[in-house]
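Here the structure is laid out as structure tokens; the discussion comes afterwards.
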Amino acid sequence: MKNPRCIKIAALLLALSFIEPRLVFAAEDPSEAAEKAAKDIDKAYEEAQKNIPDKDIKEKEDALDKAARDNDNTQGDPAKDPKKEAQKKEDEARKEADKAEGEDKTGEKYRKALEKRREACKRLKKALDDLRQQLQKRRKLTSDNSDIEQAIKNAEAARKRQEKIPEAPTLSMAVPQGAPFVATLVASGKIKLDSVGTGETIGHVADLKIQNQTDQPINCAVGPMVLESKSGKNQDYVCPKPQTVNIGPHGTATVPMDGVCINRNKPPVAKGAPGDLLVNEGNPTIPQNPNSHIPVNQAGDLLRICTAKYDAANQLQKSGALKNLPYRDPQKQKDIVVQWSTWCDPRISQITGAPPATKEDLKKVVYKQLESQKPMSPETKKKVDQGIDTIFEKVELTTAKAKDLEKPEEETSGGSTTEEGPSLGQPVYVSQTRAKQPTATPKSKGGGKTTSKPAPTPKPTPSPTPTPSGSGQTQEKENPTEEKPKTPPPVPSYPYTKEIDCGTITISIGDSGELVFDFKRNDKKCPCKEFGWIQHISPADQDNWRYDNGVLPGVSTPKKQGAKSDPSKPKQPTTPPKGTKLEDWDKNPWYGGTTDKSKPKDFGEHPTPQTHISDKPDAPNVKFITQLVCVETGEVLFSWEWGPFEKGTESPDKVGGGETEPPPKKK
């Protein structure tokens, strides 16, 4: 006879399993494990995005990450194929990544973030397998499996995200995609910004304190930017490295800014000194800070020039070209050549007003520093001079390399076409962390300490005679930015139609409120065979024109932009140099924006001549000139000026516009 008590216990357990089947599997909840692994994957991805290294290092690290993932996903005996082959590929990729990084390990944080993501993916894979097993068991007990099915779906999506390659924020031609920039958020009142100096001239030059003024979290893009001294008494800094920061509702974040001083005749912002630095992103689409003294176009030039110097220093160090510098620390080696290559650049000097540094300035700084400790013997002085010669040579090398790396479309600012001569390189002494200033300036207090008196300022030297650029073409002059007070044109009546010898021009308002430019050719009267619209854009209060497209990478912000332009020219450049494709031409003038869904969406990056275009501005403080041009000759056949758009939200049919005489007809 069966024991009644045993029968009751068995029945009770069976009943409990039907009441809450999940109790059977409560020892380890794979749903929670999968959710945690998914969060860790996303967290590691964000960490990788914040620490994206230089392009060549990133490519090798991404290749290593892929090889490691492939290895993780390969089944079998590690001593046999295909697992053995997968391990070999991972080892080779790691070797290449280590070689690209060099001694400075600039990609180390990026690599560790990717490693964390792979580890989280392994845990996710195990949790996903457990979930599928659990689902099979649950289906035998109940039909309500929606919770496990949803957990599996979420886990599969998270595993797919693990394959995504971290990238810096990308942007469209009109507005940046992803995180908004600091200056934009300040202008809209969403954040409050303050700054604190560090007393340094290069490296960690300042901290930005960003306060979220809203009830929502903000993902803020910080840099590239120029940090200007509001008072004008201290140094300005160029900070070319982009980074992002997430700030919670009404939260505050402190962002360390890495940059280089551009004013060697001024003291650094003292350590702990607040409020003297303002942000200038070189963005012409937002109002400039009233305390700014660097025009937006010059800010863009500074960022372009200094970014190339940083890139040059990185490449030279990786190749071993800086190994003979008296400094052995890799970061200090790069700081030396970047700082003095910046100070000796005549284009930067033209913007800052400080004369370019010379080799004699170096000696004054070095001698004064050493002689403040004890007099130098002739033998010591000889060794010091040899060290100066070595550093000077490396700065010259950095200057030359940087010019090769600069974006070829950019001309020097302020109308200058000066070429750097190799004799203008100027290093900092080997034992300096903070570069001492060559001009006599008031002593600045920083952390309770006072800086030593710098040497006298050398007499300003005249700028070199303008020379052609390295590409064999003379650089174009850019007029200094200045305000152009002008009465806006009256609001026109649309549609506007005009007959010219070559055909019919129609300007109308589209279904979405955009301004539409259309041209129909008259084959009988016109010798020109191909036409296209060119559009120029400028800040409303300036005549600082660029082609309105996204051919070039941005230098002051990640936002793409067109080459500098001159709508007053009778002929516009319409065909690339021989041997250059239109899509690779950095001075491509064409505008191809249109609401026509059949047209390619990448018109901003690879524009081609179009006879039907349309545009609706979405940025404040801008104006436009749109011109019909003959492709074969470059002749401007029709010109329409419209704007300004103060807010950027105005409808084109509510804003001034009108035909202007094409440049060939101007007297």
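Every value quoted in this text rests on a predicted model; they were computed, and no experiment measured them. For reference, positions follow the sequence shown, starting with 1.
For D389, the salt bridge (charged side-chain N to carboxylate O under 4.0 Å, His left out) partners are K359, not counting sequence neighbours. Partners of Y237 under the ring-ring contact (aromatic ring centres under 6.0 Å, His included) rule, at least two apart in sequence or in another chain, do not exist in this structure.
At a cut-off of 3.5 Å, with distance as the only test, a side-chain donor of S229 or D276 sits close to an acceptor on the other residue. Side chain to side chain, E641 and T660 fail the donor-acceptor criterion of an N or O pair below 3.5 Å.
Between K266 and D236 there is no salt bridge, since none of the side-chain N atoms of the basic residue sits less than 4.0 Å from a carboxylate O of the acidic one.
At least one side-chain heavy atom of L405 sits less than 4.5 Å from a side-chain heavy atom of Q315. Looking at heavy atoms from C-beta onward, L325 lies in side-chain contact with I391 at the 4.5 angstrom threshold. No side-chain heavy atom of N212 sits less than 4.5 Å from a side-chain heavy atom of K190. Between N324 and K394, some side-chain heavy-atom pair lies under the 4.5 Å cut-off.
Ring-centre distance between H536 and Y547: below the 6.0 Å cut-off.
Within 6.0 Å of the CD atom in E646, the count of heavy atoms belonging to other residues, nucleotides or ligands does not exceed 12.
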Exercise for the section: Report the C-alpha separation of V384 and M376 in whole Å, then their side-chain angles, then the decisive distance to 0.1 Å, and conclude whether the side chain to side chain contact (heavy atoms under 4.5 Å, CB included) test is met. Expected result: CA-CA 9 Å; V384 170; M376 285 190 295; 4.0 Å; yes
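Under the side-chain contact (heavy atoms from CB on, under 4.5 Å) rule, T352 has a single partner from I262, D345, N265, which is I262. Screening T398, T399, L397 for a side-chain contact (heavy atoms from CB on, under 4.5 Å) with V337, the sole residue that qualifies is T398.
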